[in-house]
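Report on the following structure.
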2 protein chains.
Amino acid sequence: MTTPPGPGPETPDRDPARRATIADVARAAGVSPSTASVVFSGKAPVAEATRQRVMAAAAELGYTGPDPRAASLRRGRSGIVAVVLEEHLRTAFLDPVKTAMMDGLTDGVATLGAGVLLLRDDADAGSDAPTLATAPVDAVVLIGCSGRMRTALDIVRSRGLPVVVIEGDAGDEVPRIELDNREAAGQLARHLQGLGHERVATVTLPFDVERRRGDVDEDRIAQGTVEVTRERLDGVREVFPDVRVVASSGSFIDEGVLAGRLLFAGGGTRPTAVIAQSDLLAAGVIRAAEEHGLRVPEDVSVTGFDGIRVDGLGSHVLTTAVQPAVEKGRAAGDAVARMLAGERAASIRFTCVFREGTTSGPAPTKTADDAPVDRRGVGDP
Amino acid sequence: MTTPPGPGPETPDRDPARRATIADVARAAGVSPSTASVVFSGKAPVAEATRQRVMAAAAELGYTGPDPRAASLRRGRSGIVAVVLEEHLRTAFLDPVKTAMMDGLTDGVATLGAGVLLLRDDADAGSDAPTLATAPVDAVVLIGCSGRMRTALDIVRSRGLPVVVIEGDAGDEVPRIELDNREAAGQLARHLQGLGHERVATVTLPFDVERRRGDVDEDRIAQGTVEVTRERLDGVREVFPDVRVVASSGSFIDEGVLAGRLLFAGGGTRPTAVIAQSDLLAAGVIRAAEEHGLRVPEDVSVTGFDGIRVDGLGSHVLTTAVQPAVEKGRAAGDAVARMLAGERAASIRFTCVFREGTTSGPAPTKTADDAPVDRRGVGDP
DNA sequence: TTGTAAGCGTTATCAC
DNA sequence: GTGATAACGCTTACAA
């Protein structure tokens, strides 16, 4: 009685305003829902004739495949991996290293059949944007290591989601993808030492969420929460214990310029070599040096870190530690995949490759107590 | 009978290996599931005492809130908006305009309580990554206008998802966010015309998915599928109908360099002004000009498009059309929000602002039939 | 190869 | 303010 004897299956017993469901399709095709489901998932063999009938019915009803929401509830998987960045997207993607990493990551999770949901670690109570606490994700990748990462980590753990950390320490339970920051930085420092440099300064990434610029004292170093910064600094200090430490507020060319001005314009003794903790910072330092009439590498050597292509470096080739950024991302994706498969993912430590460029050279022979003359007098009143 | 008289609620009638559900919490708290649900959603008033009991039970059971998958099935919303990019992520995020747009977009969708899922328009059958066809998203934002966008559009429409297009034409049904490309380009051209330029070339974005570099003939222009490219070109041709057209394969400084070399090294007559369709291209053109010993703007004027900050431009300030990239993204987010709310979102057309910089100047006075001498002889054998 | 049936964990609705 | 009930749309043992 509920099904009026209409002129065929094209008059099914359902509200036409409603979207068709797989049950509708099955009914129209005269098969069971499970068969229809299998036709779409391909998880079991189906007779070709049956398949055709189901597809035809689907086309007829405008059914375009299983509702992902229902499927993910049933399967217990959403096919989405959250990536938690510690900053504004614009900022995150300004950093070529992060971009490369993201690329590897999307690759990595794609093999697992997942997509990447961008999340910020400060998207909290205020807005009702999907947070780590509410997003339908299967796993989480944490990038960076700000203080807020602890919060993120707590949420993730209480949700019981697999998690991988890139460049950060989340305890032994959590697999991490890291770099031999200390060793690579040490190598750069030794390179400069071999060239005879003694008055060396280093321009670092931020030490903490405050991201304050300028000279840094021991206290702040000790209290720093950003692992990478400290590791790279430690590597340098092994070689140059008394290195002057200037912090930037982020990995940008402009920040490098600011730090460089501080180093070169200041009245004190100028360094003959600057070890920047990123290529972008290094590019800025070089620019600042040139602003002050200093030649690179004749008057001052500058090294970077990352091994990315930096625009605006002119003909310089940066002496730097090349890190496998894309691979790092891919490794994170793989680790997530493994955890989702129930395996235990191990932490991975990647190795940087030292690359000698044209921005480092022999230390200038000392003429006086001071550094080379500022040929353009920019720093003078 | 099913609940053994254990020593209290901490011995609930459930498999302890399973994650607690809201039903478990409700049972432990001695309330109904609906009440427990309301405690978490806050969608209805609950007595404080009840609330406390539920929260306590949740804490006890390690329940951290509703399962997003189940909630999204029930609600019919996943809180996720897909963003379809026409390229590799790394490539997409290399483009400052896109990054800025993405930023605005995440802002825009956040007001709606949604996150952004990154999708590529070629992530198809091959892998089983979540595609437009299978991702649990509430709405879709299409960026760009490659040929593959049509496919994406078909999928989206058959799924009945709200969709917004940024910089592309998807028919009148689909709200779009666009720019006054033609007018803005025309303005730049008139600016150069006013400065006396006659031999003008333009370096364009790609015309089609092939992205072939080099001089372009009428046929290819006519067959071009990329709206932006054509619109900006049209604007220029209104003023300079015979402009030489050189296509790049993307908005990159390097591409600008290649195009610039073609223009400046070639034996033919050199342009006195180059209208690049993006700031990055313009930066490359400038670099190429300087390679060839040409001064900007004395020997050749160069204009860009976008108004982003370009690193590596030295002291130049680009003459360009400044587009409101972040606003575009936010507008897309807003449009999606409106559509999700059942309203009909209108298309929006943003306006660029002409900015005169230091890279454009009066046309050099003609000395011979040829362009200024290549002072460094780079182009000579 | 196909069908039956039992959920997946929530939340909207409505009655109390 | 709280509770019973019925979906939401699908998948997958298991049985036939």
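Below, chain A is the first sequence line, B the second, and so on; all start at residue 1. The shown structure was predicted, so the numbers you read here are calculated from the model rather than taken from an experiment. Any value given below was found using the heavy atoms of this structure, including those in side chains, with hydrogens, waters and symmetry copies removed.
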Check every strand shown and say whether A:T50 touches a base, only sugar-phosphate, or nothing at a heavy-atom separation below 4.0 Å. sugar-phosphate

Nucleotides bounding contact with chain B, strand DNA chain C, heavy-atom threshold 4.0 Å: C:dG9 to C:dA12

CD (A:E48) with more than 12 external heavy atoms under 6.0 Å: yes

5'-most by nearest nucleotide on DNA chain D - B:L73 or B:G30: B:G30

Give me the atom names and distance for the closest heavy-atom approach of A:A36 to A:A26. CB-CB, 3.9 Å

Of B:V163, B:V156, B:L153, which meets side chain to side chain contact (heavy atoms under 4.5 Å, CB included) against B:L132? B:V156

Reading 5' to 3' through nucleotides 10-16 of chain D, protein heavy-atom contacts under 4.0 Å coded B for base, S for sugar-phosphate only, - for none: BBB----

Rounded to whole angstroms, how far apart are CZ on B:R159 and P on D:dG9? 14 Å

Under 3.5 Å, side-chain donor or acceptor atoms of residues 62-71 of chain B against the rest of the protein: list the pairs with distances, not counting sequence neighbours.
from	atom 1	to	atom 2	distance (Å)
B:Y63	OH	B:G65	O	3.3
B:D67	OD1	B:R69	N	2.6
B:R69	NH1	A:D138	OD1	3.3

Smallest separation among heavy atoms of A:I80 and B:P136, with atom names: CD1-CG, 3.8 Å

Short side-chain to backbone donor-acceptor contact, B:S37 and B:P33, under 3.5 Å: no

Determine whether B:D103 and B:D107 satisfy the following criterion, side-chain contact (heavy atoms from CB on, under 4.5 Å), listing intermediate values before the conclusion. CA-CA 6 Å; B:D103 227 15; B:D107 257 32; 5.7 Å; no

Keeping the roles fixed (side chain from A:S72, backbone from A:S78), state whether a donor-acceptor pair exists under 3.5 Å. no

